[in-house]
Amino acid sequence: MLLCSLELLKKGKIENPPPSEVFEKALAEVYHYWFHSDKRYHIFIACWIIGSYMYVIFGRYPPLHLQGPRESGKSTLIDFLSHVAWNPTDPVCALRSAGLFRTIELNRPTYLVDITKLNPKSEEYGDIVDVFEAGWEEGHAIIRCIGENLAPVSFYTFCPKAVASRQTLPFQAKCIRIITEQARDKAYTERRRFMRWDPELPGLVAGLLRCALNLWPEVLKAYQALEQTEKLTGRAFDLWAPVLAVCKVFAPDHYEELLKLAEEDAEKRERGDLMSEVEDAVLAILFPMEGETVSFLLKELTEKVQNSVSWVKTWHPVKSAIVNLGIVKKEYQTSKGLAYNFDLERVREKAQARGVVPEEAPSREAESQKPIMVAVKDWCRAYRDERGEISLEDLAKFIKEELHLEPQRVIAEAYKQGILMPSPKPGKAVVV
């Protein structure tokens with residue numbers, strides 16, 4: 001960047017290599033280090049890397065999710081991105097919400113994560129999911145209460161992100177996922193060891209930066225001209241559009257290949273969303289059941305699912321949903337057909353993790369006490385002063401001692417829901 005600035009000062013312009021040359025160089029490096037049997041994914045990765053240098057012009061940028069078993073190239077590709085993507089972080093192996101917020105706020109990086117899975121029982125799970133859910137779009141911020149006064153601070157979340165994991169992510173719908181494959185050629189493992197000394201990578205980064213500085217108006221024009229196709233619509237189109245626009249400018253000969261891949265991904269998303277609907281319906285039916293196990297005929301369960309999911313016409317999607325959820329303790333044949341004995345503890349875990357709360361079966365806790373935010377709102381209105389303000393210290397004490405919860409998270413949620421507004425006075429908040 002300093003060399004570009006000096007060149008601009010001396011020559012009045014910044015030279016850049018031809019965009020096709022930069023793309024081919026990026027594509028060659030992706031091929032060199034990372035294996036996938038579908039070569040269109042190499043085109044996608046090369047375009048995603050180029051786009052990371054100008055992500056701000058799109059207003060949306062797709063998080064990349066690499067999912068697969070051990071030794072299938074996930075960490076290798078994350079490592080490669082840490083050498084060539086825009087302003088990359090080192091690959092993060094243990095996500096912590098505080099570091100995640102501050103790193104994105106301060107650096108506007110390409111944020112790289114290499115983990116096995118996210119732990120839903122972690123106190124920080126909700127914050128991490130919020131950042132990735134919101135952070136693929138410009139303008140979405142996360143509010144956290146910071147310091148002794150618990151002052152609300154808005155954190156910027158928009159930046160390119162890539163996550164490698166062995167399991168599905170809770171924000172999967174807002175990612176482009178690649179199922180990674182194990183390379184038969186051991187040369188890929190050997191090459192990774194020498195990646196940090198690859199003399200070609202610094203030149204590639206310089207070319208990417210120079211092209212971004214000069215060609216972003218062309219990419220933006222291509223992005224604005226893109227139209228949805230019959231198969232690529234809605235959120236899938238929004239996710240793929242930035243990468244397709246880059247391809248239009250840097251690799252037009254590969255555009256149809258990449259568009260075909262995007263349309264195939266959109267079709268998979270539609271099927272996946274439909275199956276999630278059936279899975280949630282099954283959990284909603286089983287969640288209220290008492291005891292450790294419960295048995296249902298597949299036919300009976302299908303009829304119940306059809307009451308809430310009208311497009312289900314046969315037992316086939318219901319059976320697939322049951323298998324996907326992994327909640328069966330025993331499967332057996334009866335004179336009336338196939339039956340399942342369900343593990344209700346697993347059902348409750350799955351339902352809570354997915355946010356399935358059946359209306360017909362409110363929890364005992366919900367029946368016996370007010371929801372947390374209602375309790376917070378009631379307290380705030382009871383203890384506000386004549387100016388309509390409350391002490392954040394007193395509110396934190398109430399949350400900790402009476403609700404037995406972590407004050408920071410609850411107060412942040414109160415700001416988010418509009419129960420509180422920031423006050424110019426330290427340690428105070430305005431009750432709405």
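- Within a 6.0 Å radius of CD in Glu345, no more than 12 heavy atoms belonging to other residues, nucleotides or ligands are found.
- By the 4.5 Å heavy-atom criterion applied to side chains, Thr293 and Phe342 are not counted as neighbours.
- Counting heavy atoms from C-beta outward, Val430 and Leu420 have side chains that stay 4.5 Å or more apart.
- The minimum heavy-atom distance linking Ser82 with Pro91 is given by the pair CB-CD, 4.1 Å.
- By the side chain to side chain donor-acceptor pair (under 3.5 Å) test, Gln172 pairs with His65, sequence neighbours left out.
- Side-chain contact between Glu133 and Lys174 is present, with at least one heavy-atom pair separated by less than 4.5 Å.
- The side chain to side chain donor-acceptor pair (under 3.5 Å) check on Glu137 picks up Arg60, with sequence neighbours excluded.
- A 6.0 Å sphere centred on CD of Glu300 holds more than 12 heavy atoms belonging to other residues, nucleotides or ligands.
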Stepwise side chain to side chain contact (heavy atoms under 4.5 Å, CB included) test for Asp378 and Val374: CA-CA 6 Å; Asp378 289 346; Val374 173; 3.8 Å; yes
Using atom types as modelled, flag every donor-acceptor pair under 3.5 Å from a side chain in residues 175-184 to any protein atom, sequence neighbours excluded.
residue : atom : partner : partner atom : Å
Arg177  : NH1  : Gln67   : OE1          : 2.9
Thr180  : OG1  : Gln67   : O            : 3.3
Thr180  : OG1  : Ser72   : OG           : 2.7
Glu181  : OE1  : Ser37   : N            : 3.0
Glu181  : OE1  : Ser37   : OG           : 2.8
Glu181  : OE2  : Ser37   : OG           : 2.9

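- Residues satisfying the ring-ring contact (aromatic ring centres under 6.0 Å, His included) test with Tyr33, not counting sequence neighbours, are Phe80.
- Remark: side-chain polar atoms of Asn324 are not paired, donor with acceptor, to backbone N or O of Glu279 under 3.5 angstrom.
- Counting all heavy atoms, side chain and backbone alike, Asn87 lies closest to Asn107 at ND2-O, 2.9 Å.
- Scanning for salt bridge (charged side-chain N to carboxylate O under 4.0 Å, His left out) contacts around Glu263 gives an empty result, with sequence neighbours left out.
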Could you go through residues 241-262 and list every donor-acceptor pair under 3.5 Å that involves a side-chain atom there, pairing it with any protein atom two or more places apart or in another chain?
residue : atom : partner : partner atom : Å
His254  : ND1  : Glu257  : OE2          : 2.9

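- Every residue meeting the side chain to side chain donor-acceptor pair (under 3.5 Å) condition with Arg193, not counting sequence neighbours, appears here in chain and number order: Glu190.
- Remark: Gln333 CD is packed, more than 12 non-hydrogen atoms of other residues, nucleotides or ligands lying under 6.0 Å away.
- Contact annotation: the side chain of Phe171 never approaches that of Trp136 to less than 4.5 Å [non-hydrogen atoms, C-beta and beyond].
- One finds the CZ atom of Arg348 at 12.0 Å from the CG atom of Leu283 (value rounded to the nearest 0.5 Å).
- Under the ring-ring contact (aromatic ring centres under 6.0 Å, His included) criterion, Trp240 pairs with Phe44, not counting sequence neighbours.
- Contact between Ala212 and Tyr53 at its shortest, heavy atoms only, is CB-CB, 3.7 Å.
- Across all non-hydrogen atoms, the minimal contact from Cys159 to Arg108 is CB-C, 4.5 Å.
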Chi angles and distances behind the side chain to side chain contact (heavy atoms under 4.5 Å, CB included) call for Leu64, Lys161: CA-CA 6 Å; Leu64 174 61; Lys161 302 175 184 70; over 6 Å; no
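- Taking 4.5 Å as the limit, every side-chain heavy atom of Thr302 sits out of range of all side-chain heavy atoms of Lys319.
- A tilted orientation is assigned to the rings of Tyr61 and Trp48, their planes being inclined by 30° to 60°.
- Screening residues 25-50 for salt bridge (charged side-chain N to carboxylate O under 4.0 Å, His left out), with sequence neighbours left out, gives Lys25-Glu200, Asp38-Arg40, Arg40-Glu264.
- A heavy-atom distance below 4.5 Å is not found between the side chains of Val163 and Tyr111.
- Within the structure, side-chain hydrogen bond (donor to acceptor under 3.5 Å, both in side chains) contacts touching residues 150-160 (residues at least two apart or in different chains) are Glu138-Tyr156.
- Counting only heavy atoms from C-beta outward, the side chains of Ile390 and Leu392 approach each other to under 4.5 Å.
- Contact detail for Trp34 and Tyr188: the closest heavy-atom pair is C-CE2, 3.7 Å.
- Under the 3.5 Å distance criterion, the side-chain polar atoms of Tyr340 are left unmatched by any main-chain donor or acceptor of Leu297.
- A distance of 11.0 Å separates CG in Asp114 from CG in Leu81, rounded to the nearest 0.5 Å.
- Within the 3.5 Å criterion, the main-chain N or O of Val328 finds no donor-acceptor partner in the side chain of Lys330.
- Atom CD of Glu24 is surrounded by more than 12 heavy atoms from other residues, nucleotides or ligands within 6.0 Å.
- Under the 3.5 Å distance criterion, the side-chain polar atoms of Thr110 are matched with a main-chain donor or acceptor of Trp86.
- Sparse packing is recorded around CG of Asp90, with 12 or fewer heavy atoms of other residues, nucleotides or ligands lying under 6.0 Å away.
- Residue Ile419 holds its CD1 atom at 8.0 Å from CD of Glu413, rounded to the nearest 0.5 Å.
- Under the rule for a ring-ring contact (aromatic ring centres under 6.0 Å, His included), Trp315 has no partner lying at least two apart in sequence or in another chain.
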Val282 and Ile327: CA distance, side-chain angles, deciding distance, side chain to side chain contact (heavy atoms under 4.5 Å, CB included) verdict: CA-CA 10 Å; Val282 169; Ile327 55 177; 4.2 Å; yes
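- Taking OG from Ser75 and CG from Leu112, the interatomic distance works out to 11.5 Å, rounded to the nearest 0.5 Å.
- The side chain to side chain donor-acceptor pair (under 3.5 Å) test applied to Ser295 returns Tyr332, Asn341, not counting sequence neighbours.
- For the pair Lys304 (side chain) and Ile285 (backbone), a donor-acceptor distance under 3.5 Å is absent.
- Of the residues Leu213, Leu215, Leu208, Leu209, the one that meets the side-chain contact (heavy atoms from CB on, under 4.5 Å) test with Cys211 is Leu215.
- The closest donor-acceptor contact from the side chain of Thr233 to the backbone of Thr229 lies at 3.5 Å or more, if one exists at all.
- In terms of heavy atoms, Leu239 sits closest to Ala173 at CD1-O, 3.8 Å.
- Lys400 is listed as a side-chain neighbour of Pro407, based on a closest heavy-atom distance under 4.5 Å.
- Trp216 CH2: 12 or fewer foreign heavy atoms inside a 6.0 Å radius.
- Salt-bridge formation is not detected for the pair Lys221/Glu218: no Lys NZ or Arg NE/NH1/NH2 atom is positioned less than 4.0 Å from an Asp or Glu carboxylate oxygen.
- How far NZ of Lys350 is from CG of Asp280: 11.5 Å, rounded to the nearest 0.5 Å.
- Atoms CD and CD1, from Gln408 and Ile399 in turn, are 10.5 Å apart once rounded to the nearest 0.5 Å.
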